[in-house]
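Notes follow once the structure below has been shown.
As a basis for the values below, the full set of heavy atoms in this structure was taken, side chains included, without hydrogen atoms, waters or symmetry mates. Quick caveat, the model's predicted, so the values are computed rather than measured.
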Amino acid sequence: MTTRPKEPEVAEQTAAAGSASVEPTGSVVLRLDALGMDFLAADFPSRFIEFCEANDDYDMEVNEAGELVILPMVGFRGNRQETELNTELTLFRRANGGVNASQTSRFRLASGAIRGPDAAWITQERYDAATEEERETVFPGAPDFVVEIRSRTDNLAPLQRKMQLWMDGGARLGWLIDPPNRRVYVYRAGQAEPEALEDPETLDGEDVLPGFSFGVRQYIFDMQ
C-alpha cells in the first residue's frame with residue numbers, strides 16, 4: 001500500500017504542470033493497482049460505494065490516475081456553506097424538476113474517475129435514463145450543473161483543475177466559489193476560460209437552471 005499526502009507547494013506545482021492527478025492539500029492517495037483493483041472495471045462503482053459505506057468516517061474519490069483519494073474534512077463553516085447552497089438548490093428542484101445531489105454524491109467521468117461535487121443538478125431525463133444500479137451507487141457522466149466551494153484546506157489551482165475536469169466531462173454550467181477572495185469563477189460549456197465575478201451579490205442559473213438564483217454574498221461570503 002502506497003500513501004502520499006499532498007504538500008501545498010507540490011499541489012500547486014502539479015496543477016501548473018497540468019497533471020491528471022491534482023488533489024487538495026492534506027489528501028491521502030492510495031494506488032488502487034497496488035491493491036489489485038481495476039478502477040475501470042464495470043463493477044467498480046458499486047464496489048467503491050460499498051467500501052465508502054464501510055468506511056463512512058472518510059470522504060473519498062477516485063482520480064483519473066486510478067488512485068483512491070481520501071479527502072480532508074472541510075470544517076464546520078465549510079459544511080455550513082455547502083448546506084446553504086444545497087438547501088436553495090433543493091427548493092429549486094422541488095419547484096422546477098430535475099434531480100439535485102450534495103457532497104456525498106459521486107459521478108463517474110469517461111476517464112473512469114469517480115468525483116464528488118459540493119453541489120450538483122442533473123436533468124430529469126438523464127436521471128430517468130439511468131439504471132437502478134447507477135441511481136443507487138455512482139451516477140454516469142458529469143452533472144449538468146456543478147459547484148465547488150473553496151474550503152480552508154483548498155488551494156485554488158487544484159480546484160480550478162477539478163472544475164475543468166467537470167466541464168470536459170460534459171457539465172454545462174459550473175460555479176467555483178472562492179470565499180477567501182470573495183470571487184466566483186463561472187464555467188460555461190464551449191467557453192474557453194471561466195468568467196471571474198468580483199464579490200457578486202447573486203449567481204444566476206442561466207439557461208441550465210432557468211429562474212435559479214443564489215445569494216452567494218449573503219449565504220457564503222458574509223457567513224460568520
Side-chain angles (χ1 to χ4, degrees), residues 1-76 78-79 82 101-120 130-131 133-143 146-171 174 176:
M1 180 180 297
T2 303
T3 66
R4 48 183 181 85
K6 295 279 188 176
E7 297 299 331
E9 63 272 16
V10 173
E12 295 293 347
Q13 291 167 3
T14 306
S19 168
S21 178
V22 179
E23 312 305 342
T25 302
S27 298
V28 175
V29 181
L30 310 176
R31 288 180 48 202
L32 289 173
D33 59 353
L35 303 176
M37 301 179 69
D38 179 9
F39 80 112
L40 297 176
D43 66 342
F44 181 78
S46 59
R47 295 171 62 196
F48 171 73
I49 292 299
E50 289 175 2
F51 181 77
C52 291
E53 290 173 343
N55 298 274
D56 59 4
D57 288 339
Y58 303 96
D59 189 14
M60 292 179 278
E61 296 181 351
V62 175
N63 66 22
E64 296 69 27
E67 298 167 326
L68 181 71
V69 182
I70 302 175
L71 300 167
M73 294 183 66
V74 300
F76 189 72
N79 182 262
E82 293 169 353
S102 62
Q103 307 94 315
T104 57
S105 61
R106 292 294 179 266
F107 293 82
R108 193 182 202 191
L109 303 179
S111 63
I114 296 177
R115 293 290 190 176
D118 290 330
T131 67
E133 177 75 11
E134 290 166 339
R135 295 176 191 173
E136 289 283 347
T137 58
V138 177
F139 200 84
V146 63
V147 183
E148 297 287 349
I149 303 174
R150 185 181 181 188
S151 74
R152 63 183 181 85
T153 62
D154 290 325
N155 289 316
L156 184 59
L159 268 184
Q160 289 173 321
R161 168 149 182 86
K162 186 176 182 182
M163 285 299 304
Q164 193 58 55
L165 292 173
W166 285 126
M167 302 308 295
D168 292 344
L176 170 52

Item to check | Any side-chain heavy-atom pair of Ser105 and Phe139 under 4.5 Å | outcome: no

Item to check | Partner residues of Asp38 under the side-chain contact (heavy atoms from CB on, under 4.5 Å) criterion, sequence neighbours left out | outcome: Leu40, Ala41

Checklist entry - Mind checking what makes side-chain contact (heavy atoms from CB on, under 4.5 Å) contact with Phe39, not counting sequence neighbours? => result Leu32, Phe44, Val62

Checklist outcome for this item: Smallest heavy-atom separation, Arg108 atom then Ala42 atom, equals NH1-O, 4.4 Å

Next on the checklist: As an exercise, state the distance from CG of Asp43 to CD of Glu133, rounded to the nearest 0.5 Å.
Outcome noted: 9.0 Å

Checklist outcome for this item: In this structure, CG of Asn63 is separated from CG of Leu165 (nearest 0.5 Å) by 9.5 Å

Next on the checklist: Before you tell me yes or no, could you show the steps for Met163 and Val146 under side chain to side chain contact (heavy atoms under 4.5 Å, CB included), namely the whole-Å CA-CA distance, both residues' side-chain angles and the distance that decides it to 0.1 Å?
Outcome noted: CA-CA 8 Å; Met163 285 299 304; Val146 63; 4.2 Å; yes

Next on the checklist: Under the rule for side-chain contact (heavy atoms from CB on, under 4.5 Å), what residues qualify as partners of Asp168, not counting sequence neighbours?
Outcome noted: Gln164

Checklist entry - Quick one: side-chain contact (heavy atoms from CB on, under 4.5 Å) partners of Ala119, sequence neighbours excluded? => result Leu85, Asn86, Leu89, Val147

Checklist outcome for this item: In short, Leu109 meets Gly141 closest at the heavy-atom pair CD2-C, 4.2 Å

Item to check | Any pair counted as side-chain hydrogen bond (donor to acceptor under 3.5 Å, both in side chains), so long as it reaches residues 50-61, sequence neighbours left out | outcome: Asp59-Arg106, Glu61-Arg115, Glu61-Lys162

Item to check | Taking every non-hydrogen atom, the tightest pair across Pro45 and Thr137 | outcome: O-CB, 4.4 Å

Next on the checklist: Going by side chain to side chain donor-acceptor pair (under 3.5 Å), name the residues that satisfy it together with Glu134, two or more places apart in sequence or in a different chain.
Outcome noted: Thr131

Next on the checklist: Just verifying a value: how many Å separate Glu23 CD and Leu159 CG, rounded to the nearest 0.5 Å?
Outcome noted: 10.5 Å

Next on the checklist: Under the rule for salt bridge (Lys or Arg N to Asp or Glu O under 4.0 Å), what residues qualify as partners of Asp154, not counting sequence neighbours?
Outcome noted: none

Checklist entry - Taking side chain as C-beta onward, heavy atoms only, is Gln103 less than 4.5 Å from Asn79? => result yes

Item to check | Minimal non-hydrogen separation, Gly170 against Ala142, with atom names | outcome: N-CB, 4.1 Å

